[in-house]
Amino acid sequence: MACKGDELKIGVISLGCSKNLVDTEVLLGKLNSAGAKLVDDPKKANTIIINTCGFINPAKEEAIDYILEYAENKKVIVMGCLVERYKEELQKEIPEVQAYFGTESWDQILEFLGLKKVEKVQRILTTPKSYAYLKISEGCNRLCSFCAIPSIRGKYRSKSIQELVEEAKWIAENGVKELCLISQDTTYYGRDLYGKNALLKLLEKLEDIEGIEWVRLLYLYPTDVNDELIDYIKNSSKVLPYFDIPLQHVSDRVLKSMRRGYGKDFVESLVERIFSKIPNAVLRTSFIVGYPEEDTKDFEELIEFVQKGYFHWVGVFSYSHEDGTFAEPLGDPIPEEEKERRRALIYEVQSEVIEEKYRRLLGKSFRMLVDGYDEEMNIVPVGRLWFQAPEVDGLCYLEAERVVKEGEMVDVVVKDFREFDLLVEEKNE
């Protein structure tokens with residue numbers, strides 16, 4: 001039996017990506033409006049809700065660890081992607097969990113807890129006041145061989161421009177300065193609703209919102225980063241020239257097997273087009289190493305490409321053999337040790353690239369967006385420059401003679417760097 005509303009002390013744990021985090025924030029808003037007592041410390045809760053990721057093996061293992069940790073002495077409810085994929089197995093293997101729910105199951109959870117369903121409410125933002133995520137769609141229509149997202153989240157479903165603008169205005173009213181647009185495929189936005197791509201129309205509306213100073217686009221599919229989008233970003237006063245384009249690989253053979261719809265020539269051409277139009281653009285990408293058909297030559301080709309220094313930021317993932325994907329029949333022939341070796345090599349090369357890029361920044365002035373204070377030191381303000389996305393691209397540590405506030409914009413000068421982080425000081429006029 002679930003607890004009654006006035007007895008509930010709920011702790012919510014969000015795992016996985018920023019898209020999952022938005023789902024958690026929606027849940028928190030609904031729980032709060034329904035009268036549940038929310039607690040920050042799971043130890044003080046009598047009911048734990050875990051929003052899981054089920055994308056790749058490490059994420060699944062993390063979710064299972066959390067479930068087992070809390071299921072021993074708490075009432076645990078599990079929701080999210082892992083449940084969408086493995087509900088029957090989870091129910092069988094971990095029966096002590098109170099209930100399992102899939103994605104977007106907020107109202108069913110309220111009902112299970114004995115709480116009244118609430119009408120449309122705003123989510124509770126859990127990010128610093130400096131930034132917030134705006135999830136513009138659900139699902140994905142791509143059929144990449146390694147990815148289980150379409151089978152977990154379903155077909156691509158855009159939110160309407162009107163709904164997103166209203167949400168963004170509410171975010172701005174909360175003092176947020178940076179809006180990060182996220183989805184599984186941001187460049188696909190609007191095709192299901194409007195019959196054609198509507199990302200630029202959405203951006204035009206978002207740029208008019210008072211209080212928002214930076215708009216950051218995340219998860220751009222390579223083949224849809226066209227000249228129209230690049231030109232729009234070039235001429236925009238708020239949309240940052242920050243291109244987050246997951247390429248996954250550069251070998252023609254591997255890309256074909258991955259069902260990505262482009263080859264190395266296209267990738268080279270895309271990078272050249274971006275830099276020819278926006279010389280100061282910053283690129284982030286992600287690669288998969290250890291894909292079943294990646295041989296030594298393919299990997300060397302990838303290493304050589306990274307060495308060219310196109311990217312400020314590179315995320316590297318070891319291939320995860322996933323049930324129900326197009327790549328599943330290929331097996332998983334490359335040992336984990338070799339995958340990790342390849343992964344480490346790319347990061348080693350990329351660390352040399354970012355060191356060179358950071359050296360060129362020494363003495364230069366920027367605006368820093370303050371995210372808060374360092375959790376360990378608790379005295380040093382931390383934040384980001386425009387080319388550093390939240391949570392993934394390193395931080396700036398600020399030397400300041402005054403107290404700065406979360407969400408404040410500060411003029412700074414770059415003084416030094418440590419690996420992927422920058423040391424800056426406030427600029428004196």
> Where do P241 and I233 come nearest, in terms of heavy atoms and distance?
CA-CG2, 3.6 Å
> For the pair I13 and L15, evaluate side-chain contact (heavy atoms from CB on, under 4.5 Å) and give the outcome as yes or no after the intermediate values.
CA-CA 7 Å; I13 297 171; L15 305 175; 3.9 Å; yes
> Just checking, any donor-acceptor pair under 3.5 angstrom between side chains of Y242 and D393?
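The criterion, which ignores hydrogens and geometry beyond distance, is satisfied for D393 and Y242.
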> Can you list the residues that meet the salt bridge (charged side-chain N to carboxylate O under 4.0 Å, His left out) rule with K92, with sequence neighbours excluded?
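Scan of K92 (salt bridge (charged side-chain N to carboxylate O under 4.0 Å, His left out), adjacent residues dropped) gives none.
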> Does the pair S236 and E207 meet the rule for a side-chain hydrogen bond (donor to acceptor under 3.5 Å, both in side chains), with working shown?
CA-CA 8 Å; S236 172; E207 287 204 67; 2.8 Å; yes
> Working to the nearest 0.5 angstrom, can you tell me the gap between E300 CD and I303 CD1?
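Nearest 0.5 Å value for the CD-CD1 distance: 9.0 Å.
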> Suppose we screen for side chain to side chain donor-acceptor pair (under 3.5 Å). Which residues come up paired with S269, at least two apart in sequence or across chains?
none
> Taking it one step at a time, do E204 and K238 satisfy salt bridge (charged side-chain N to carboxylate O under 4.0 Å, His left out)?
CA-CA 10 Å; E204 288 173 357; K238 292 187 178 181; over 6 Å; no
> Is there a side-chain contact (heavy atoms from CB on, under 4.5 Å) between D23 and L27 once you walk through the steps?
CA-CA 6 Å; D23 287 351; L27 174 65; over 6 Å; no
> Please determine whether salt bridge (charged side-chain N to carboxylate O under 4.0 Å, His left out) holds for the pair E408 and K405, giving the CA-CA distance in whole Å, both sets of side-chain angles, and the decisive distance to 0.1 Å.
CA-CA 5 Å; E408 183 179 350; K405 298 178 181 178; over 6 Å; no
> With a 6.0 Å cut-off on the ring centroids, do F305 and Y310 count as close?
yes
> Walk me through whether V282 and F243 qualify under side-chain contact (heavy atoms from CB on, under 4.5 Å).
CA-CA 6 Å; V282 161; F243 292 81; over 6 Å; no
> Taking all atoms of both residues into account, what is the closest heavy-atom pair of V250 and L302, and its distance?
CG2-CA, 3.8 Å
> Output, in order, the C-alpha distance, side-chain angles, deciding distance and verdict of side-chain hydrogen bond (donor to acceptor under 3.5 Å, both in side chains) for Y86 and D323.
CA-CA 10 Å; Y86 303 110; D323 301 332; 3.3 Å; yes
> Is any side-chain N of the basic residue among R359 and D416 closer than 4.0 Å to the acidic one's carboxylate O?
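Looking at R359 and D416, the cut-off is not met.
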> Are the side chain of Q350 and the backbone of F311 linked by a donor-acceptor contact shorter than 3.5 Å?
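Yes, Q350 side chain to F311 backbone: donor-acceptor pair under 3.5 Å.
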> When I245 is tested against each of L220, L218, L217 for side-chain contact (heavy atoms from CB on, under 4.5 Å), which residue passes?
L220
> Is any NZ, NE, NH1 or NH2 atom of the basic residue among E138 and K19 found under 4.0 Å from an Asp or Glu carboxylate oxygen of the other?
no
> Take the angle between the ring planes of W313 and F420 and call it parallel below 30°, perpendicular above 60°, tilted in between.
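Ring orientation, 0 to 90° scale: tilted.
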> For the residue pair F387 and F366, is the inter-centroid distance of their aromatic rings smaller than 6.0 Å?
yes
> Does a donor on one side chain and an acceptor on the other come within less than 3.5 Å for S160 and Q162?
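The answer is no; no qualifying pair exists.
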> Can a salt bridge be assigned to the pair E173 and K169 using a cut-off of 4.0 Å between side-chain N and carboxylate O?
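Answer for the salt bridge query: no.
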> List the atom of T52, the atom of A63, and the distance in Å for their closest heavy-atom pair.
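Heavy-atom minimum between the residues: CG2-CB, 3.8 Å.
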> Identify the two heavy atoms, one from E294 and one from V254, that lie closest to each other, and give their separation to 0.1 Å.
CA-CG2, 4.0 Å
> For the pair Y133 and Y131, name the ring-plane relationship: parallel under 30°, tilted 30 to 60°, perpendicular over 60°.
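Judged by the thresholds at 30° and 60°, the geometry between Y133 and Y131 is perpendicular.
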> Can you measure from OH (Y100) to CG (L82) and round to the nearest 0.5 angstrom?
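Y100 OH to L82 CG: 8.5 Å, rounded to 0.5 Å.
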> Would you call R384 and D421 a salt bridge, using N to O less than 4.0 angstrom?
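Answer for the salt bridge query: no.
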> Would S257 and Y291 count as having a side-chain donor-acceptor pair, cut-off 3.5 Å?
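Yes, side-chain donor-acceptor contact under 3.5 Å.
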> Where is the tightest heavy-atom contact between L422 and Q388, given as atom of each residue plus distance?
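Distance-wise, the nearest heavy atoms are CD1-NE2, 4.1 Å.
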> Does a donor on one side chain sit under 3.5 Å from an acceptor on the other, for E425 and Y397?
no
> Look only at the side chain of Y347 and the backbone of V316, and say whether a donor-acceptor pair between them is shorter than 3.5 Å.
yes
> Determine, for R216 against E178, whether the closest basic-nitrogen to carboxylate-oxygen distance falls under 4.0 angstrom.
yes
> For M368 and V382, work out which heavy atoms get closest and say how close.
CE-C, 3.5 Å
> Evaluate R142 against R260 for side-chain contact (heavy atoms from CB on, under 4.5 Å), listing each step before the verdict.
CA-CA 8 Å; R142 309 284 181 184; R260 295 290 287 174; over 6 Å; no
> Kindly determine whether T187 and D185 satisfy side-chain hydrogen bond (donor to acceptor under 3.5 Å, both in side chains), including the steps that lead there.
CA-CA 6 Å; T187 41; D185 181 356; 2.9 Å; yes
> Indicate yes or no: does E356 engage R360 in a salt bridge with an N to O separation below 4.0 Å.
yes
> Would you mind telling me which of Y188, Y221, Y189 makes a ring pair (Phe, Tyr, Trp, His ring centres under 6.0 Å) with Y156?
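Looking at Y188, Y221, Y189, the match for Y156 under the ring pair (Phe, Tyr, Trp, His ring centres under 6.0 Å) is Y188.
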> Is there a salt bridge (charged side-chain N to carboxylate O under 4.0 Å, His left out) between D192 and R157 once you walk through the steps?
CA-CA 7 Å; D192 56 316; R157 308 180 302 285; over 6 Å; no
> Does the side chain of V22 come within less than 4.5 Å of L134's, by heavy atoms?
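With C-beta onward as the side chain, the pair stays apart.
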> Take R343 and E340 through the test salt bridge (charged side-chain N to carboxylate O under 4.0 Å, His left out) and record every step on the way to the result.
CA-CA 5 Å; R343 184 168 174 264; E340 285 303 309; 3.4 Å; yes
